[in-house]
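Contents: one structure, followed by commentary.
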Amino acid sequence: MKLLHLSDLHIGKRVNEYSMLKDQRHILEQILNIADEEEPDAVLIAGDVYDKSMPGGDAVLLFDWFLTGLSDRKIPVLLISGNHDSPERLSFARKLLWESRIHISEVYKGKVEKITKKDEYGEVYFYLIPYLKPSAVRQYFPEEEITDYESAMEVVLKSLDLNLAKRNVLLVHQFLTGADRSDSEEISVGGLDGISAGLFDGADYVALGHLHRPQKVLRETMRYAGSPLKYSFSEADHKKSVTLVELKEKGEVIVKTRELVPLRDMRKIKGSYLELTQKENYENTNVEDYLSITLTDEEEIPAVLGKLSAIYPNIMKLEYDNKRSRAMGIDHVERRVEQKSPLALFSEFYEMQNNSQLSEEQKDYLLELMEDIWEDVQ
């Protein structure tokens with residue numbers, strides 16, 4: 001059985017106020033072409049279909065076009081909601097879509113949806129685990145001690161009662177500790193969203209979503225497909241791809257990737273104004289790419305953005321790196337703040353104001369409050 005694993009489409013996303021819909025249409029067309037060439041038995045979409053819980057009409061129409069393309073090719077789709085999706089909206093008409101072999105995870109109510117498919121080696125069990133917060137699991141398992149994301153997932157996996165003699169595929173949208181993150185991903189408050197990869201040892205393949213860099217976690221058969229496009233300049237060095245998985249008899253799984261080529265790449269360039277505007281320095285590059293430009297001139301160039309835009313029309317970010325900016329320590333300050341969780345920042349503020357540290361009870365209350373606020377703004 002051959003599977004095409006995707007995740008983190010983030011349809012409707014805007015990056016630095018640039019709409020990515022045209023780029024997303026281009027990459028989804030490319031994925032359909034790959035599906036034509038590879039002829040998968042199913043497509044797995046591991047969450048974050050949309051960038052917002054209430055996507056715009058254009059985003060919904062684009063995803064409708066993509067799903068219709070897969071359905072026209074008679075390719076079943078197995079799809080879970082991510083932390084950016086609204087499970088209720090995403091699962092609209094799920095029972096009707098079932099007839100078109102589009103299987104969407106239902107809103108979690110204490111039970112994970114299981115789908116069975118067969119090939120020449122027997123049954124393959126697919127478990128659709130949508131993005132879950134501890135509070136979503138705790139209400140259905142009041143007898144269990146659920147304190148964080150890991151203990152919540154442990155309870156959920158235990159409830160699956162996997163048949164280890166059969167082949168099991170899990171679709172999961174969570175952060176597994178040890179994996180590489182990028183700036184365009186949502187980071188849960190308090191740093192408690194990490195889950196140990198060892199919890200998933202019973203699965204033959206774990207189709208992961210949430211992190212945007214394609215990567216394995218511990219083993220080749222536990223993989224983040226990654227986003228099909230770059231959504232921040234922290235991803236400038238990423239090689240975007242889709243993941244192809246071939247399940248043979250129990251214990252034999254072959255994993256490979258197919259690289260994706262964007263309509264416009266996302267790149268960082270650095271140099272003086274004179275260097276960046278010399279024809280020999282840009283004529284052999286794609287000037288239509290999305291760019292983060294760092295100027296090294298000691299003196300600011302008047303109306304520099306307009307001048308550079310005449311050559312590079314898609315400048316998303318422009319900054320200086322010179323003696324003055326380094327003296328101000330701007331980059332250092334930004335990095336220092338980004339690396340701290342909201343709870344850590346609040347704890348520092350509290351200690352500075354009260355000359356005492358937060359108690360564990362106060363931290364627990366704050367985490368719960370922050371998670372509620374975080375959920376409201378998704």
Side-chain angles (χ1 to χ4, degrees), residues 7-8 44-49 53 78-88 90-91 104-115 125-162 164 168-179 181 185-203 205-211 217-218 222-224 341-344 360-378:
S7 74
D8 297 271
L44 314 180
I45 305 178
D48 279 358
V49 170
S53 59
L78 285 71
L79 185 159
I80 62 173
S81 57
N83 57 303
H84 280 255
D85 299 312
S86 164
E88 293 82 4
L90 196 61
S91 60
I104 302 174
S105 62
E106 60 185 337
V107 177
Y108 185 73
K109 297 178 181 178
K111 187 177 180 181
V112 170
E113 190 163 6
K114 175 182 175 182
I115 295 172
Y125 298 137
F126 295 85
Y127 294 88
L128 277 55
I129 307 175
Y131 176 75
L132 295 173
K133 290 188 174 184
S135 56
V137 181
R138 194 180 295 123
Q139 62 179 312
Y140 296 105
F141 298 92
E143 72 284 358
E144 300 282 356
E145 186 176 352
I146 298 173
T147 58
D148 54 20
Y149 284 78
E150 172 142 352
S151 54
M153 183 57 67
E154 191 171 10
V155 169
V156 170
L157 293 175
K158 187 170 63 174
S159 72
L160 301 183
D161 194 24
L162 295 180
L164 299 182
N168 300 288
V169 176
L170 307 184
L171 277 70
V172 180
H173 190 94
Q174 306 285 166
F175 170 56
L176 270 57
T177 52
R181 284 180 140 153
E185 300 147 4
E186 297 288 355
I187 299 175
S188 179
V189 296
L192 292 182
D193 60 340
I195 296 172
S196 299
L199 291 182
F200 302 93
D201 282 346
Y205 184 75
V206 184
L208 294 167
H210 192 37
L211 301 190
V217 184
L218 291 185
M222 192 182 306
R223 293 190 62 87
Y224 285 100
S341 69
L343 181 61
E360 291 303 315
E361 185 178 357
Q362 288 172 317
K363 287 182 180 179
D364 290 342
Y365 173 76
L366 280 168
L367 280 174
E368 187 173 347
L369 182 63
M370 287 176 179
E371 282 188 351
D372 289 341
I373 295 171
W374 197 266
E375 188 169 4
D376 289 341
V377 299
Q378 293 299 313

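- Separating the CD1 atom in Ile195 from the OG atom in Ser151 is a distance of 9.0 Å, to the nearest 0.5 Å.
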Side chain to side chain contact (heavy atoms under 4.5 Å, CB included) assessment of Leu176 paired with Leu211: CA-CA 9 Å; Leu176 270 57; Leu211 301 190; over 6 Å; no

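- The CG atom of Leu162 sits 4.5 Å away from the CG atom of Asn168 when rounded to the nearest 0.5 Å.
- The side chain to side chain contact (heavy atoms under 4.5 Å, CB included) with Ser105 is formed by just one residue from the set Leu171, Leu128, Val112; it is Leu128.
- To the nearest 0.5 Å, the span separating CG on Asp85 from CD1 on Ile45 amounts to 10.5 Å.
- Tyr140 and Tyr108 have perpendicular rings, their planes meeting at more than 60° on a 0 to 90° scale where under 30° would count as parallel.
- Taking the side chain as every heavy atom from C-beta outward, Gln174 and Asp193 never approach each other to under 4.5 Å.
- Looking at Tyr224, its side chain never comes within 3.5 Å of a backbone N or O of Ser7 through a donor-acceptor pair.
- Taking CG of Asp148 as the start and NZ of Lys133 as the end, the distance is 14.0 Å to the nearest 0.5 Å.
- Residue His84 forms a side chain to side chain contact (heavy atoms under 4.5 Å, CB included) with just one option from Asp48, Asp8, Val49, and that option is Asp48.
- Looking at His210, its side chain never comes within 3.5 Å of a backbone N or O of His173 through a donor-acceptor pair.
- No side-chain heavy atom of Val217 sits under 4.5 Å from any side-chain heavy atom of Phe200.
- Using a 4.5 Å heavy-atom threshold, the side chains of Glu150 and Thr177 count as separate.
- Between Pro87 and Ser91, the closest heavy-atom pair is O-OG, 2.7 Å.
- Taking each heavy atom of Met153 and Ile129 in turn, the nearest pair found is CE-CG2, 4.2 Å.
- Taking every heavy atom of both residues into account, Ile104 and Leu90 meet most closely at CD1-O, 3.5 Å.
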Worked verdict on Leu160 versus Tyr125 for side chain to side chain contact (heavy atoms under 4.5 Å, CB included): CA-CA 11 Å; Leu160 301 183; Tyr125 298 137; over 6 Å; no

